[in-house]
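To start, the structure itself, in structure tokens.
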Amino acid sequence: MATGTAVVKEVAGIYQPGSAHMVGDGFPVRNLFPSNDLDREVSPFLLLDYAGPQYFEPIAHPRGVGEHPHRGFETVTIMYQGAVAHRDSAGNAGVIGPGDVQWMTAASGVVHEELHEKNWAQQGGTFQAIQLWVNLPRTQKMSAPRYQTILNVDIPKVELEGGAGRLRVIAGTIQGQKGPAHTVTPVELYDLELAANRRAELHLPDGYNTSVFVVQGLVSVNGSRDAGEAELFVCMRNGSSVAIEARGDSRLLILSGQPIEEPIARYGPFVMNAKAELVQAVNDYQAGKMGHL
Ligand code: MN
């Protein structure tokens, strides 16, 4: 992962969660964006919700969020602890557990539910996950929905030099290892574990937006001040080197992607380019055009 004389992607800002709320009755989330007004700095990513870690008592009927629509983007759920069951109106269903990822391309529209997996809910336990929303370019917002269950076993693992840690490639390519996620625009998404007092240097494309979310631990990025649990480093687009130094055993989500330079219009679960398209989305949902479970 050495990059020689590569220009560093300087840290432009370090953010704490801008809001905290429940999604349904199963996902106690802290939001990093859009609550921090970072649309341009994190594009193509639209939303980062960090759920938990929180203990849930055993319960007969799984908690979560019932039937609701999406249009115009992708939802990506990354599990750390617990299990989620997904079901959508395009006929796709799947269960993900620790280390697994669900990559759901809503595109022209689906209705889905996201619940704690039944057996896990009945046993209770600690829940911890991240949900990202990844934008689609204008030309793809009305394409057909798609769904990918990405299991831990199918995610390539890169051992860092000298036992510094381990990187799992969910999407994109690093050190010749290609992540299994099919993305619409170029996205690099890594789950990085870095041991205390060790360093990792990642090489990411010049011009990509890049941010580092701290799931656990305490780190510095490109010589910045230290930041810890639930904080987000946002880097400048220019440059290609991201050096991370861990002060304690740390787990990080690395998000990097080619920016989508188009207007963003949001209304709840719909993200389009213009207000008229949001009105159309609401009308189409209410008319049942996104289907039902
Ligand atoms: Mn959803």
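The structure presented is a predicted model; accordingly, all values stated were derived computationally and were not measured. In each ligand, atom 1 is the first atom listed, and ligand 1 is the first ligand listed.
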Suppose we screen for side-chain hydrogen bond (donor to acceptor under 3.5 Å, both in side chains). Which residues come up paired with Q123, at least two apart in sequence or across chains? none

Kindly write out the residues that satisfy side-chain hydrogen bond (donor to acceptor under 3.5 Å, both in side chains) with E261, not counting sequence neighbours, or none if the list is empty. R237

Other hydrophobic cluster members with Y147, side-chain heavy atoms of Ile/Leu/Val/Met/Phe/Trp/Tyr under 4.5 Å, chained? M104, V110

Strictly under 6.0 Å, is that where the ring centroids of F27 and H116 end up? yes

Taking the inter-plane angle between the rings of H70 and F73 on a 0 to 90° scale, is it parallel (under 30°), tilted (30 to 60°) or perpendicular (over 60°)? perpendicular

How about the Mn ion (ligand 1), which protein N, O or S atoms come within less than 2.8 Å? H68 NE2, H70 NE2, H112 NE2, E114 OE1

Does G239 offer a backbone N or O that forms a donor-acceptor pair with the side chain of K9 under 3.5 Å? yes

